Amino acid sequence: MTEDFYCDEVLSGKTHVNKVLETENVLAYNHTRPFYPVHIVAIPKKHISSLIALEDSDNELLLELLSVIKKVATKVTKENGACRVITNLGSYQDSKHLHWHIVSGKPLR
């Protein structure tokens with residue numbers, strides 16, 4: 001896998017995704033290889049390597065990203081009764097691009 005799947009594949013259009021919600025600066029879509037029955041990924045369209053790499057100048061983008069996550073999580077919770085919102089850091093983070101998982105259900109694998 002590439003170091004930044006989201007920029008190299010998703011945002012470039014190389015990998016087609018089913019969009020759930022999109023704004024000018026944020027994309028939420030159904031995971032291409034889900035680990036949960038409901039598995040949505042939310043990403044900023046600007047490259048930011050992780051949550052801890054955010055700069056003060058990214059605050060407006062972070063608020064937009066969190067707004068999208070909140071809308072998606074609200075919908076998933078309404079439809080499924082519960083959800084988790086997860087981001088990974090360090091060696092837990094496979095793709096070095098800030099992304100959040102909105103998931104519901106028992107893990108598929």
Side-chain angles (χ1 to χ4, degrees):
M1 180 163 101
T2 162
E3 185 77 7
D4 183 351
F5 174 79
Y6 302 103
C7 279
D8 296 344
E9 295 291 328
V10 175
L11 294 173
S12 73
K14 286 182 190 174
T15 298
H16 172 76
V17 295
N18 294 318
K19 296 176 183 179
V20 173
L21 182 60
E22 184 173 19
T23 65
E24 184 179 343
N25 300 302
V26 176
L27 174 63
Y29 66 93
N30 289 302
H31 198 291
T32 56
R33 294 184 310 126
F35 288 82
Y36 297 87
V38 176
H39 193 160
I40 299 164
V41 180
I43 61 171
K45 292 180 181 178
K46 171 187 173 186
H47 176 75
I48 299 170
S49 61
S50 75
L51 178 66
I52 56 179
L54 284 163
E55 304 283 338
D56 288 342
S57 61
D58 296 318
N59 285 346
E60 195 171 312
L61 174 59
L62 179 60
L63 287 174
E64 186 175 338
L65 177 59
L66 288 174
S67 175
V68 167
I69 292 166
K70 179 182 174 185
K71 288 174 185 167
V72 172
T74 298
K75 182 178 187 293
V76 170
T77 300
K78 231 179 240 185
E79 293 173 355
N80 299 278
C83 81
R84 290 184 181 91
V85 177
I86 306 163
T87 193
N88 295 304
L89 300 168
S91 62
Y92 291 163
Q93 185 182 5
D94 289 336
S95 183
K96 304 306 182 197
H97 185 105
L98 175 62
H99 61 284
W100 297 76
H101 301 269
I102 300 101
V103 302
S104 186
K106 294 184 192 255
L108 298 172
R109 48 190 157 172

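The structure presented is a predicted model; accordingly, all values stated were derived computationally and were not measured. Computed over heavy atoms, backbone and side chain alike; hydrogens, waters and symmetry mates excluded.
Across all their heavy atoms, I69 and A42 have their closest contact at CG1-CB, 3.8 Å. Minimum interatomic distance between V85 and A73 (heavy atoms only, all atoms of both residues): CG2-CB, 4.1 Å. Shown here for S50 and Q93, the closest heavy-atom pair between the two residues is CB-OE1, 3.4 Å. Heavy-atom minimum distance, R84 versus Y36: NH1-CE2, 4.4 Å.
Once rounded to the nearest 0.5 Å, the distance linking CD of E55 with CG of L62 reads 12.5 Å. Distance NZ/K75 to CD1/I40: 7.0 Å, rounded to 0.5 Å. If you take CG on N88 and NZ on K96, they are separated by 9.0 Å, rounding to the nearest 0.5 Å. Atom NE2 of residue H97 and atom NZ of residue K46 lie 10.5 Å apart, to the nearest 0.5 angstrom.
When side chains are defined from C-beta on, V103 does not count as touching F35, because their heavy atoms never get closer than 4.5 Å. Put simply, the side chain of L61 reaches to within 4.5 Å of the side chain of V26, judged on heavy atoms.
Of the residues listed (P107, P34, S104), the one engaging H39 in a side chain to side chain contact (heavy atoms under 4.5 Å, CB included) is P34, and it is the only one. Looking at I48, I86, I43 one by one, the single match for side chain to side chain contact (heavy atoms under 4.5 Å, CB included) with H99 turns out to be I43.
Follow the hydrophobic side-chain contacts under 4.5 Å out from L27 and you never reach L66; the two are in separate clusters. If you chain together hydrophobic residues whose side chains sit under 4.5 Å apart, V41 and V72 never meet in one group. The cluster map of Ile, Leu, Val, Met, Phe, Trp and Tyr, joined by side-chain heavy atoms under 4.5 Å apart, puts L21 and W100 in the same cluster. One hydrophobic cluster, built from ILVMFWY side chains closer than 4.5 Å, cannot hold both V38 and Y29; they sit in different ones. By the rule that hydrophobic residues join a cluster once side-chain heavy atoms approach within less than 4.5 Å of another member, V68 and I102 end up as members of one cluster.
S12 places a side-chain N or O within donor-acceptor distance of the main-chain N or O of D8, the cut-off being under 3.5 Å. A donor-acceptor pair under 3.5 Å links the side-chain atoms of E64 to the main chain of N25, judged by distance alone.
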(message) Working note: L51 + L98, criterion side-chain contact (heavy atoms from CB on, under 4.5 Å); need CA distance, chi angles, decisive distance, verdict.
(response) CA-CA 6 Å; L51 178 66; L98 175 62; 4.0 Å; yes

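More than 12 heavy-atom neighbours from other residues, nucleotides or ligands sit within 6.0 angstrom of CD on E79. Residue K45 qualifies as enclosed at atom NZ: its count of foreign heavy atoms under 6.0 Å is above 12.
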